[in-house]
Structures are given as C-alpha cells and as structure tokens.
Amino acid sequence: MGKFLTTREENYSQWYNELVIKADLAENSAVRGCMVIKPYGYAIWEKMQAALDTMFKETGHVNAYFPLFIPKSFFSKEASHVEGFAKECAVVTHYRLKNKADGSGIEVDPEAKLEEELIVRPTSETIIWSTYKNWIQSYRDLPILINQWANVVRWEMRTRLFLRTAEFLWQEGHTAHATQEEAIEETIRMINVYAEFAEKFMAVPVIKGVKTENERFAGAIDTYTIEAMMQDGKALQSGTSHFLGQNFAKAFDVKFNSKESKLDYVWATSWGVSTRLMGALVMSHSDDHGLVLPPKLAPNQVVIVPIYKGDDQYEIMREAGNKIKNQLKAAGISVLFDDRDTHKPGWKFAEYELKGVPVRLAFGARDMENDTIEIARRDTLEKQTISQENIVETVKQLLEDIQENIYQKALKLREQKTYAVDTWEEFTDIIENKGGFVYAHWDGTTETENKIKEATKATIRCIPVNNPLENGTCIFSGKPSNQRVLFAKAY
RNA sequence: CGGGGUAUAGCGCAGUCCGGUAGCGCAUCUGGUUUGGGACCAGAGGGUCGUAGGUUCGAAUCCUGCUACCCCGACCA
C-alpha cells in the first residue's frame, strides 16, 4: 500500500489539511481565507442540509432569506453584539468602479461612496430583528419560527479549510416568542436537534451543555453548545443555540400586545450550524488511508468495481455490475458503478478508500463462476467473499453496522480520553501531555477561567446539561465549587 | 496582527550559496501489452521559475516591495 497521506501520528494537523484536499472536499481559493467547496465535499454538505432541513421542518420551522448586507447603523444597536463582531466585519463602502485615467486598469470610483456603509453579515440577528419589528404587533403574530440557509463572512486572521474560513455556509434559525419560557424551550429544542443530528447522521457523539459567560454568543443570555472530541483529543464546537432574551427586541424596539393586553418586548432565540461540521466529520472518523464517511451522509454508500481481462469480459462485467447496481438502487442505496476502463482495480480501491465510500463491492471472472462477490467495509478495512444471492440485504445490514460502529468507535475514543481531576498538577499534565476532555472543579469566575486559559490554552467548553452537583474546590483558585465543568483545548 | 518558513510544468521536488537562458518523479497525451490492491514498454506535449520593480551585457539565482500558503502566538463558529 503506497503512502499518500501524512499519518495522524506524524502530524495530525497536516493529516487533516492533506486529507481535505486529496479527498476532493475543498481547496483554497484565490481569495484569502475563502475556500472552494468541491463537488464531492458539497455533496456531503447537501446531505447534511437535507437531513437538518427535514428536522427543522418537523419542529415547525420554515425557511426564508434575508439580505447579505446589513446597514452599519443596525450593528451598533445591541452593544455586546457589536463588540463581539466588530473586529471581523467586511465593509462595503462604494458601489461603482471606473476605468483609471491612465488606462492601467480599474479603480473604486471615489464619487460612488455609499451614504451608509454596509456590513457583510457575520450573522443576521440585526437585519432580521429590524424586519421582525414590522411583522410583530400582537401575540397572535407569534411565534415566528424562521430558518435561513446562507453564507456569512467573518474576517478571520488564521483560516483552515472548513474549520475556520472567512466566508462559510451555514443555517441560522431566528425565532420570536411571546414568553421567556417558550423561547428557552425553543433554545433547548434546537440544541437537542443538533445533538441528534450529530449522533444519528454524522455518527459523532457530542456533549451538550451551556457556555460560560466568557464563551457566550455576543448578545445572548445563554448559549447552548454541542462539543465533539476530535481524534487528537481537542474539542470542536459543532453547533450552538442561543437564548437571546429580550436583548434584540429592545435594541430594535420589537413589542407586542399580549393576551392580557400588556405591551411587552418579544423573546428571541437563534441557532446555527455551519460547514464546520464537515471538519468535525473528517476529524472524527477518518484514518491514515483517507476519509471514513458515515453511510447516512456518504454521497455514494457503495462503489462497485469490476475486475476483468479483455473486451469480452469487460462487456460481461458491465452487464453484471449494472444489474447489481440496479438491485441496490431499488432498495434505496446510493451506488456508484465505476466501470471506467481508464483505471485499474487497484487504483480504484485506493481512490475510494481515500474518499471514504463505506462499502466496496468487487467482482471478477472467478466470482462470476461461483456466483460470489467481494465485499469490503471502509471503517475496518475488512473484506470477505460472499454469495451474490442476498446482496441487497447484506449491504443494507453492513451500512447500518458501519454507521453504528463508527459512532461507537468515536464514543469509545472520547471515553478513553476523558478524565476527572482534582489537582492543578493532574490538570496540566493531561492538557499538555495527553490531550482530551477534563472534568474539573471551577470557582465560577471569568477571572479564573481566563487564567487557566492563559496558563494551559484549555478553555471551558461547557457546563454539561444535567451536570451532577458535587462539592469540591476549584483546581486553580482552591475556592469552593459545586460542580465539575468540561475543560479542553479547542479548535 | 507579530515571529519563522515556503513559492520553479497539473501535483511533489532539485537547481539559488558561486548569475550564462531549466531538470527529475508522478500526472497528462499517442501506440502497444496489461487488469483480483495505486501496471509495464516506447514515444510526445507542457514552465516568460508567485508578482512588481531594481542591479547586470545577461537573473529562477543578487537586492527591494507586494501577494498567497504552512508552522508558532494573539482573536474566533
């Protein structure tokens, strides 16, 4: 087996970078910090979108679309929101170009300056709440449960394909409610939707929890998060759901008449997941041979590779291959029959391993004689020769096994790399030498949180939901604490 | 945004120190033999050496600016 990838052990970060490019998921573009998502990568994103969109619809949401540009003045209306995003906003200042006088190209026409500059959305709370103001007068107008699929721009200093890019694709849900209880319920409902999606579709186990004040979304009262562990033990924040209280309603003066004929501000939530999930997917399951995709999100669940000698056999194999392909397709399995004569079987094997196709079927003259077929699973790289008779059932079962197996494997790894510690020495030892999730006591102050971050680069990923209460002392300050929180280095 | 590194054919690299007009492997194309884990032989095409200036008779090579990428920090989904 030739070596095409840096191994995870050699250099995890380089392994990831190479894998994303070699598996044809994405590449860097001519624009700094912005990526091109290639067809194979986009196909996975489309599968994620389809599953999530269905879940959003099932929970009563509808899709809409709001503008890419946000008037600068909107931004300044919610104080903490501005502060959070101001440092990474792209700004449109002009609306026209013109030819340079000396004919050496084009330049921004200084006479075409915008009256009010426009921000390229880093998130859409402000434009949406300025719109909701017009839509909401009465409790009868509530709730509003809207999602949008969009791109956003955050001018990042250091970027990495999928994990952090200046422009990325995401969905953002923005809901408006008559009561605080209902908004909190919605916030929790959506973090649960994200957790279910991560675990059932991506096969990525996640920890649900609440962010500390320090890590909270700019403008939120509470931020719920799902945190996944990557194979190197680092955490990846994979989705967030925010209870925004009445902050945006107050900033944009969105009031409604309640049943009791009382004028009150509207309660809000927002929630989102992004193409960063692609990074989570890659880093959770893949190995030194390439991607390992969960069957539920793989663009092709099965690839069929024919093995033949000469044109006569080729024709026979094509016919046989198409027959198998159609059987599988009829059972709702997505199949690629790679009957290209331009690449050899061995080349194709390596290629589809790199691309993470869950199941590979290969057959040649020997199989034709015996009515057998070789079946190989990507997650364990095991292969065996089976009878063609129950091929559909066998493949179906195997796809389910793979989906379950990679989830269990990821869960097991997380359990192995999760620790509970009581002393600063143990804490720093694990964070610096072993890597992983560490449950430890914390005194609840931002000051301590920041000092721990400074000393170790570990941050509080979340305070898990249903976190058991337990008396202890803060690992850093020694002050009393009544629960452990989840620490880790994060992407 | 600070420190370090890199940029030569589609990809990976040598050549740069010591200036003389560009080479290797893979990939591509043609023909043939092949096909159960990235085939082999023969031939062919492809580069104004990241970019803009400068020094020089002459620059991939020396000097300066700019850009992009990688690593390490600060910031963040």
Side-chain angles (χ1 to χ4, degrees), chain A residues 1-6 11-14 16-18 21-22 27-35 83-89 104 122-123 152-172 194 211 214-218 223 225-228 235-242 270-280 289-290 305-311 313-314 317 339-354 360-370 372-374 376 381 383 385 450 453-454 457 459 461 490-491:
Chain A
M1 175 79 55
K3 207 188 119 188
F4 295 90
L5 279 174
T6 299
N11 188 335
Y12 190 83
S13 153
Q14 197 180 331
Y16 173 82
N17 293 338
E18 283 179 16
I21 287 167
K22 291 190 175 171
E27 61 187 34
N28 283 303
S29 70
V31 186
R32 181 197 190 100
C34 295
M35 64 179 161
E83 204 185 319
F85 287 105
K87 286 169 289 180
E88 48 187 26
C89 283
S104 67
T123 180
V152 286
V153 169
R154 295 178 189 176
W155 215 259
E156 298 291 347
M157 311 222 161
R158 233 175 115 186
T159 60
R160 283 186 82 191
L161 293 173
F162 291 120
L163 297 174
R164 179 169 301 106
T165 47
E167 180 192 14
F168 56 94
L169 305 184
W170 77 344
Q171 58 68 218
E172 45 182 325
Y194 289 154
K211 288 288 187 188
N214 213 20
E215 300 274 330
R216 205 176 280 160
F217 175 75
T223 288
T225 177
I226 50 170
E227 300 284 327
L236 184 70
Q237 180 176 307
S238 305
T240 47
S241 182
H242 315 291
S270 69
W271 28 273
V273 293
S274 71
T275 38
R276 180 179 242 201
L277 289 177
M278 294 287 293
H289 298 273
V305 177
I307 297 154
Y308 53 87
K309 289 180 188 169
D311 288 349
Q313 275 197 13
Y314 181 53
M317 297 303 166
D339 62 352
R340 286 179 298 173
D341 193 25
T342 50
H343 296 280
K344 292 186 54 169
W347 188 93
K348 292 177 184 175
F349 291 176
E351 175 73 6
Y352 295 114
E353 258 161 34
L354 182 60
R360 182 186 73 228
L361 297 171
F363 66 97
R366 217 158 62 206
D367 296 298
M368 295 297 279
E369 271 172 40
N370 305 327
T372 56
I373 193 161
E374 183 189 88
L381 294 168
K383 56 185 178 185
T385 300
N450 283 334
K453 183 178 175 181
E454 229 169 88
K457 286 175 204 144
T459 50
R461 301 319 303 153
Y491 276 96

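Throughout, a chain's letter reflects where its sequence line sits, starting with A, and its residues are numbered from 1.
B/C76 atom C1' lies 11 Å from atom NZ of A/Lys211, rounded to whole Å. Between A/Asn450 atom CG and B/C75 atom P the separation is 9 Å, expressed in whole Å. Between the P atom of B/C76 and the CD atom of A/Glu83 lies a distance of 10 Å, rounded to the nearest Å. Here the P atom of nucleotide B/G5 and the CG atom of A/Asn11 are 19 Å apart, to the nearest Å. Across the protein-nucleic acid pair, A/Leu163 atom CG and B/C76 atom P stand 17 Å apart, rounded to whole Å. Per the geometry, NE2 belonging to A/His343 stands 18 Å off C1' belonging to B/G36, to the nearest Å. As a whole-Å value, the separation of A/Glu88 CD from B/A74 C1' is 13 Å. Atom CZ of A/Arg158 and atom P of B/C72 are 5 Å apart (whole Å).
No contact: A/Ser238 has no heavy atom under 4.0 Å from any strand. At a threshold of 4.0 angstrom between heavy atoms, the contacts of A/Phe168 include nucleobase atoms, whether or not backbone atoms are also involved. Among the atoms of the strands shown, base atoms are found under 4.0 Å from some heavy atom of A/Thr165. The residue A/Glu351 sits close to a base: some heavy atom pair falls under 4.0 Å. A/Gly279 comes within contact range of no nucleotide atom at all, as no heavy-atom separation falls under 4.0 Å. Among the heavy atoms of the strands lying under 4.0 Å from A/Asn17 are primed sugar atoms or P, OP1, OP2 only; no base atom is included. Contacts of A/Arg32 with the nucleic acid, taken as non-hydrogen atoms under 4.0 Å apart, involve only primed sugar atoms and P, OP1 or OP2. Within 4.0 Å (heavy atoms only), A/Leu236 reaches no atom of the nucleic acid at all. Using a 4.0 Å heavy-atom criterion, one finds that A/Glu374 contacts the bases of the nucleic acid, with or without backbone contacts as well.
Ring pair A/Tyr194/A/Trp271 is perpendicular by interplanar angle, where above 60° counts as perpendicular and below 30° as parallel. Below 30°, between 30° and 60°, or above 60°: for A/Trp347 and A/His343 the angle between ring planes is below 30°, a parallel geometry.
On the P atoms, B/G23 is 35 Å away from B/G4, given to the nearest whole Å. Across B/C11 and B/G3, the matching P atoms stand 30 Å from one another, rounded to whole Å. Between B/A59 and B/C49, the distance separating the two P atoms is 11 Å to the nearest Å. Separation of the P atoms belonging to B/C63 and B/U56 is 16 Å when rounded to the nearest angstrom. The P atoms of B/C62 and B/U8 are separated by 16 Å, rounded to the nearest whole Å. Separation of the P atoms belonging to B/G65 and B/U21 is 29 Å when rounded to the nearest angstrom. If you take atom C1' in B/G25 and the same atom in B/A68, they sit 26 Å apart, rounded to whole Å. Nucleotides B/C18 and B/C76, compared at atom P, are 47 Å apart to the nearest Å.
Across all strands shown, B/C1 is found opposite B/G73 as a Watson-Crick or G-U wobble partner, with both distances under 3.5 Å. For B/G31, the paired base is B/C41 (Watson-Crick or G-U wobble, both distances below 3.5 Å). The partner of B/A7 is B/U67, judged by Watson-Crick or G-U wobble contacts that both fall below 3.5 Å. Pairing of B/C18, defined by two Watson-Crick or G-U wobble distances under 3.5 Å, is not identified with any nucleotide.
Taking side-chain N and O atoms only, A/Lys457 has a distance below 4.0 Å to OP1 or OP2 of B/G73. Applying the 4.0 Å criterion to OP1 and OP2 of B/G36, one finds that A/Lys309 has every side-chain N and O outside that range. Within the 4.0 Å cut-off from OP1 or OP2 of B/C76, not a single side-chain nitrogen or oxygen of A/Arg164 is found.
Taking the centre of each ring, A/Phe363 and A/Tyr308 stay at or above the 6.0 Å mark.
The backbone N or O of A/Ser13 sits less than 3.5 Å from a side-chain atom of A/Arg160, completing a donor-acceptor pair.
Between A/Glu351 and A/Arg360 there is no salt bridge, since no side-chain nitrogen of the basic residue lies less than 4.0 Å from a carboxylate oxygen of the acidic one.
Nearest-nucleotide assignment on RNA chain B puts the 5′-proximal partner with A/Asp341, out of A/Lys348 and A/Asp341. Summary of the strand contacts: A/Met368 and A/Arg160 both lie near RNA chain B, and taking for each the nucleotide with the nearest heavy atom, the more 5' one is attributed to A/Met368.
Put simply, the side chain of A/Lys383 and the base of B/G37 share a donor and an acceptor less than 3.5 Å apart.
The nucleotide whose nearest atom lies closest to any side-chain atom of A/Met157 is, among B/C69, B/G36, B/C75, B/C75. Residue A/Ala350 has its side chain nearest to B/G37 when only B/C69, B/U35, B/G37 are considered.
Two residues are said to be in side-chain contact when any heavy atoms from C-beta on lie closer than 4.5 Å; A/Glu215 and A/Thr223 fail this criterion. Contact annotation: the side chain of A/Val273 approaches that of A/Gln171 to within less than 4.5 Å [non-hydrogen atoms, C-beta and beyond]. The shortest side-chain heavy-atom distance between A/Arg366 and A/Thr385 does not fall under the 4.5 Å cut-off.
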